[in-house]
Protein chains: 2
Amino acid sequence: MGEGEAPVTGQRGTRQRRAVSQVLDANDDFRSAQDIHDQLRQAGDKVGLATVYRTLQAMAGTGELDVVKTDTGQAVYRRCREEGHHHHLVCRECGAAVEVTGPSFEKWADQLARDHGYADVEHRLELFGLCPACQAG
Amino acid sequence: MGEGEAPVTGQRGTRQRRAVSQVLDANDDFRSAQDIHDQLRQAGDKVGLATVYRTLQAMAGTGELDVVKTDTGQAVYRRCREEGHHHHLVCRECGAAVEVTGPSFEKWADQLARDHGYADVEHRLELFGLCPACQAG
DNA sequence: TTATCTGCAAACATTTTGCAGCGAG
DNA sequence: CTCGCTGCAAAATGTTTGCAGATAA
């Protein structure tokens, strides 16, 4: 009795899940759900688009994935490297990204919020540019 | 001869445009295109939704409007106060916003880009929180 | 007059959801 | 066996676009 509520961690090890995870491992850059879906099909793994969305969402929820919204509002994902709070410098050409942290920036933001009496402040910071490789190309 | 290409500035003074402009003047906070459309209808001004979108887009293009993308990717607008580059501390409850600039932050961002060899870097920074008024409520 | 603007509805792109069936544990 | 996962297709969102007719200059 009292097995209690299902552990939030309760994810089943399905083929589809594994396939998505694998694609994420294989890519060093940010990809959209649809990109990942295409890549999956090309590799011969048949996975529904909805499932890709659901899986990415689930993984992002546990913090194992980083999500960035592009210019057009599209969400792009990649496996998270650094724990904790950080931002990304993303190449707008190829999706390659560097994770960055800025203690001084964080402090500035906090101070700013305090100065204006805003509570519960969070920020979204994205940096977009051309990576060295894409400049050369 | 040579009237030349039409001046980019060629905007006609239509009732609809004026109505949208008026709503923007009346609001001190960020509103979505649809919000503005609703507000317009309530005020008795019949303006098509597409026209609202087109107008807002045009105004944003000339720099007379600030645009911020919310969490959900929705675009929200308000008349721009400060010229030049700045960011916003927006109340996630009521849309009230403070415009902020951060020279130290800008410098940090530039340096970061340089350190990683990224060119043509731009950043998007939004701060979301609860404004003093909404905390009280 | 005439180029621009407007309104409508249909097109779009991305993401979410309902539901019957499959499959991991 | 069960309950969560999956696939499909349909729905939902928010925004854009094509086109015929209205309108500012």
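Labels below follow one simple rule: chain letters A, B, ... track the order of the sequence lines, proteins then strands, and each chain is numbered from 1.
Between B:Gln16 and the phosphate of D:dT23, there is no side-chain N or O to OP1/OP2 separation shorter than 4.0 Å. For the pair A:Arg15 and D:dT6, the criterion of a side-chain N or O lying under 4.0 Å from OP1 or OP2 is not met. In this model, the phosphate group of C:dT14 is approached by a side-chain N or O of A:Gln34 to a distance below 4.0 Å at OP1 or OP2. One finds a side-chain N or O of A:Thr14 lying less than 4.0 angstrom from the OP1 or OP2 phosphate oxygen of D:dT6.
Counting heavy atoms of neighbouring residues, nucleotides and ligands inside a 6.0 Å radius, atom CD of B:Glu83 does not exceed 12 of them.
Considering B:Asp25, B:Thr14, B:Thr55, B:Thr51 as possible partners of B:Val20, the one that fulfils the side-chain contact (heavy atoms from CB on, under 4.5 Å) test is B:Thr55. Just one of B:Val98, B:Leu125, B:Asp66, B:Val100 meets the side-chain contact (heavy atoms from CB on, under 4.5 Å) condition when paired with B:His86; it is B:Asp66.
As rounded to whole Å, 7 Å separates atom P of D:dG7 from atom NZ of A:Lys46. For the pair B:Leu49 CG and C:dA11 P, the interatomic distance rounds to 17 Å; values are reported in whole Å. B:Gln74 has its CD atom 17 Å from the P atom of D:dA12, to the nearest Å. Distance NE2 (B:His37) to C1' (C:dC8): 11 Å, rounded to an integer number of Å.
Between B:Glu126 and B:His87 the shortest side-chain heavy-atom distance does not fall below 4.5 Å.
Residues A:Arg41 and B:Ala75 each lie close to DNA chain D; by heavy-atom proximity, the contact nearer the 5' end of the strand is made by A:Arg41.
Here the two rings, on A:His85 and A:His123, have centers that are under 6.0 Å apart.
A:Glu93 places no side-chain N or O within donor-acceptor distance of the main-chain N or O of A:Gln135, the cut-off being under 3.5 Å.
One can find a donor-acceptor pair under 3.5 Å joining the base of C:dA3 and the side-chain atoms of B:Arg12.
Using bins of under 30°, 30° to 60° and over 60° for the plane-to-plane angle, the ring pair B:Trp108/A:Phe105 lands in the parallel bin.
In the helix from C:dT1-D:dA25 to C:dG25-D:dC1, the rotation axis of the first five pairs and that of the last five pairs differ in direction by 30°, rounded to 10 degrees.
For the pair A:Leu130 and A:Cys134, the tightest heavy-atom approach, listed with the atom from each and the gap, is CD2-CB, 3.9 Å. A pairwise comparison of heavy atoms in A:Asp28 and A:Arg78 identifies O-NH1, 2.9 Å as the closest pair.
Closest to the B:Ala50 side chain, of the nucleotides D:dT6, C:dC5, C:dA9, is C:dA9.
In the region residues 51-72 of chain B, proximity to DNA chain C at under 4.0 angstrom, judged on heavy atoms, holds for B:Thr51, B:Arg54.
Here B:Ala33 lies out of heavy-atom contact (under 4.0 Å) with every strand.
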